[in-house]
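Presented below is the structure to which this report refers.
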There are 2 protein chains.
Amino acid sequence: MPRPRSLTSDQPASAALAVIDRDGLAGLSMRAVAQELGMSTMGLYRYVHDREELERLVVELVLGAVDTEPPDPDASWRERIEAMARRLRDAVSAHPAVVPLTITHRHRSLGVLRWSEAVLTVLTEAGVEGERRVIALRGLISYVIGAIQLEDLGPLSGSGTAAITELPSGEFPLMSETARHARNVGADQEFLGGLAMLLDGLGGLDSLDA
Amino acid sequence: MPRPRSLTSDQPASAALAVIDRDGLAGLSMRAVAQELGMSTMGLYRYVHDREELERLVVELVLGAVDTEPPDPDASWRERIEAMARRLRDAVSAHPAVVPLTITHRHRSLGVLRWSEAVLTVLTEAGVEGERRVIALRGLISYVIGAIQLEDLGPLSGSGTAAITELPSGEFPLMSETARHARNVGADQEFLGGLAMLLDGLGGLDSLDA
DNA sequence: ACCTGAACACCGTTCAAGT
DNA sequence: ACCTGAACACCGTTCAAGT
């Protein structure tokens with residue numbers, strides 16, 4: 001793998017992201033990205049070892065865009081964690097087609113690492129320590145990535161769930177009723193509502209004063 | 001699409017699942033599944049319209065295996081929801097390679113629908129109604145699917161995170177410290193701990209008596 | 001020394017040709 | 001009427017052949 005020359009190191013990733021944003025994940029191919037860069041297909045192999053590395057760089061590009069500045073120090077620990085959760089959600093939902101890649105590539109992204117460090121700072125300031133801090137961090141990440149995917153899949157009030165009402169009569173009565181209620185729950189309210197449940201649980205534990 | 005004859009309707013899906021379990025998701029191809037079934041590649045197209053439908057059937061097979069019997073009525077609402085969460089986790093982690101498919105295929109699985117109905121039954125018995133019930137259900141699903149993926153990615157105490165300690169000195173001090181604590185937190189404890197946070201938050205709300 | 005196009009081994013899917 | 005193998009248009013990647 002000799003030194004690249006004509007391209008900066010992040011150009012292959014942003015070209016790939018441009019292809020994905022335009023043509024979807026199915027449109028991603030080495031040939032398409034090379035064309036986007038105006039070079040021969042094999043020229044791309046000068047910058048990435050293989051397709052997998054290219055995909056990893058795309059994930060890193062998207063997650064690296066998460067704002068990891070320390071949140072407003074005047075806000076409560078709860079508001080600060082909410083702000084961090086929103087930022088992760090915002091960064092990913094700017095490129096929804098990339099979501100499957102973020103899961104397939106079980107790598108430790110620097111962006112997520114920086115995000116985690118910022119969240120841990122808030123948790124620590126709130127007095128959460130030791131194993132409880134492990135569980136709180138992992139619980140938050142689990143919730144946020146799950147919620148992003150569920151949101152990407154469409155709201156409970158969406159067309160997919162609307163079809164539930166038309167299923168064999170009375171087979172899913174509560175699900176039908178809940179889907180009707182879901183029409184009044186927006187995506188933001190749903191995301192923040194679930195997050196609030198988690199934070200209520202975290203706050204209900206000892207050693208949290210704010 | 002004429003009537004199939006020699007195969008029952010779920011054989012293509014279980015053959016595909018067998019291929020995935022043996023060779024991983026990358027090993028899944030129409031040719032491989034046809035061979036698994038002992039038929040010509042094109043014979044498979046008698047049973048499924050295209051590869052996408054085959055993948056959808058695999059997801060349905062895995063999620064359809066979730067135990068959705070009503071949980072022990074003598075247990076508290078909290079224990080019953082924990083039991084349901086465990087069952088979903090168990091069904092998916094029996095076939096970890098399928099996880100990416102469950103995300104890519106944004107379809108409404110009957111298995112998840114039955115699971116949701118059972119969870120809603122418990123929530124309703126616990127006095128959770130209306131929009132709060134929407135948020136509780138979606139929050140639980142978000143957490144569980146996120147946690148399954150994070151678990152599949154490896155524990156915080158695993159080799160991936162161990163490398164964090166060797167990053168540029170002091171760049172991620174809290175993350176390093178947290179990773180050390182994570183060595184004492186098992187996968188079950190982590191899953192149930194995060195779930196407990198959510199349920200504490202849910203239980204802290206009004207109208208829950210049990 | 002650097003770059004690239006042809007070629008290889010795959011893939012999903014079409015379709016005409018077999019019985 | 002039913003089934004299937006060759007063929008088509010892709011794919012990631014190798015590598016020898018060009019300059």
Side-chain angles (χ1 to χ4, degrees), chain A residues 1-9 11-61 97-98 100-107, chain B residues 1-9 11-61 97-98 100-107:
Chain A
M1 198 86 343
R3 304 282 139 180
R5 264 194 322 201
S6 54
L7 264 54
T8 63
S9 64
Q11 270 180 298
S14 38
L17 186 56
V19 169
I20 292 172
D21 285 341
R22 185 184 349 107
D23 304 325
L25 195 51
L28 180 69
S29 74
M30 300 302 273
R31 282 165 174 88
V33 175
Q35 197 178 354
E36 184 81 16
L37 291 166
M39 53 169 48
S40 75
T41 304
M42 292 318 298
L44 182 53
Y45 282 84
R46 184 154 292 280
Y47 299 89
V48 295
H49 181 255
D50 55 13
R51 180 185 166 125
E52 212 231 279
E53 186 187 336
L54 180 61
E55 291 184 351
R56 224 165 38 218
L57 289 172
V58 170
V59 172
E60 194 57 60
L61 182 63
V98 173
L101 290 186
T102 64
I103 293 122
T104 311
H105 291 281
R106 46 192 67 198
H107 79 294
Chain B
M1 198 86 343
R3 307 278 142 184
R5 262 196 323 202
S6 55
L7 265 54
T8 63
S9 65
Q11 269 179 300
S14 37
L17 186 56
V19 169
I20 292 172
D21 284 340
R22 183 180 355 104
D23 304 325
L25 195 52
L28 181 70
S29 74
M30 300 302 272
R31 284 164 173 87
V33 174
Q35 197 178 353
E36 184 81 17
L37 290 166
M39 53 168 49
S40 75
T41 303
M42 293 318 298
L44 182 53
Y45 281 85
R46 185 154 290 279
Y47 299 89
V48 295
H49 180 254
D50 55 12
R51 181 187 166 124
E52 211 230 280
E53 186 187 336
L54 180 60
E55 291 183 352
R56 224 165 37 217
L57 290 171
V58 170
V59 172
E60 194 57 59
L61 182 64
V98 173
L101 290 187
T102 64
I103 293 123
T104 311
H105 291 282
R106 48 193 66 199
H107 78 296

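A quick note: this is a predicted structure, and the numbers were derived from the prediction, not measured. First the proteins, then the strands, lettered A, B, ... as listed; each starts at 1.
One interatomic measurement links the two molecules: CD of A:E55 to C1' of D:dC11, which rounds to 13 Å at whole-angstrom precision. Rounded to whole Å, atom C1' of D:dC2 lies 18 Å from atom OH of B:Y45. Counting to the nearest Å, the C1' atom of C:dT13 and the CG atom of B:L54 are 14 Å from each other. Atom pair B:L28:CG and C:dC10:P shows a separation of 16 Å (rounding to whole Å applied). The OH atom of A:Y47 sits 20 Å away from the C1' atom of D:dG12 (whole-angstrom rounding). Atom-to-atom, CZ of A:R31 to C1' of D:dC10 comes out at 8 Å; the value is rounded to the nearest Å. Look at CG on A:L44: it is 11 Å from C1' on D:dG12, rounded to the nearest Å. Nucleotide C:dG12 holds its P atom 15 Å from the CD atom of B:E53, rounded to whole Å.
Closest heavy-atom contact between B:L25 and B:A97: CD2-O, 3.7 Å. Of all non-hydrogen atoms in B:P12 and B:L44, the two that sit nearest each other are CB-CD1, 4.2 Å. In this structure, A:M39 and A:Y47 approach most closely via the heavy-atom pair CE-CE1, 3.6 Å.
Judged as a side-chain contact (heavy atoms from CB on, under 4.5 Å), and not counting sequence neighbours, the contacts of B:A32 are B:V19, B:S29. Scored by the side-chain contact (heavy atoms from CB on, under 4.5 Å) test, B:A16 finds B:L28, B:V33, B:L54, B:V58 as partners (sequence neighbours excluded). By the side-chain hydrogen bond (donor to acceptor under 3.5 Å, both in side chains) test, A:Q35 pairs with no residue at all, sequence neighbours left out.
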Starting at the 5' end of DNA chain C, what dot-bracket string do you get if Watson-Crick and G-U pairs under 3.5 Å are bracketed, crossing pairs use [ ], other-strand pairs use | and unpaired bases use dots? ||.|||||...|||||.||
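Between D:dA7, D:dC2, D:dG12, one nucleotide has an atom nearer to the side chain of A:M30 than all others, and that is D:dG12.
Between D:dT14 and C:dG12, the distance separating the two C1' atoms is 23 Å to the nearest Å.
Between A:M42 atom CE and A:M30 atom CE the span is 7.5 Å, to the nearest 0.5 Å.
Applying a 4.0 Å cut-off to non-hydrogen atoms, the residues of residues 35-42 of chain B that approach DNA chain D are B:S40, B:M42, listed by residue number.
The phosphate of D:dC2 has neither OP1 nor OP2 within less than 4.0 Å of any side-chain N or O from B:R46.
Under 4.0 Å is where a charged nitrogen must lie from a carboxylate oxygen, and between B:R56 and B:E60 no such pair does.
Evaluation of the side-chain hydrogen bond (donor to acceptor under 3.5 Å, both in side chains) test over residues 17-28 of chain B, restricted to residues two or more places apart or in two chains, returns B:D21-B:H95, B:R22-B:E36.
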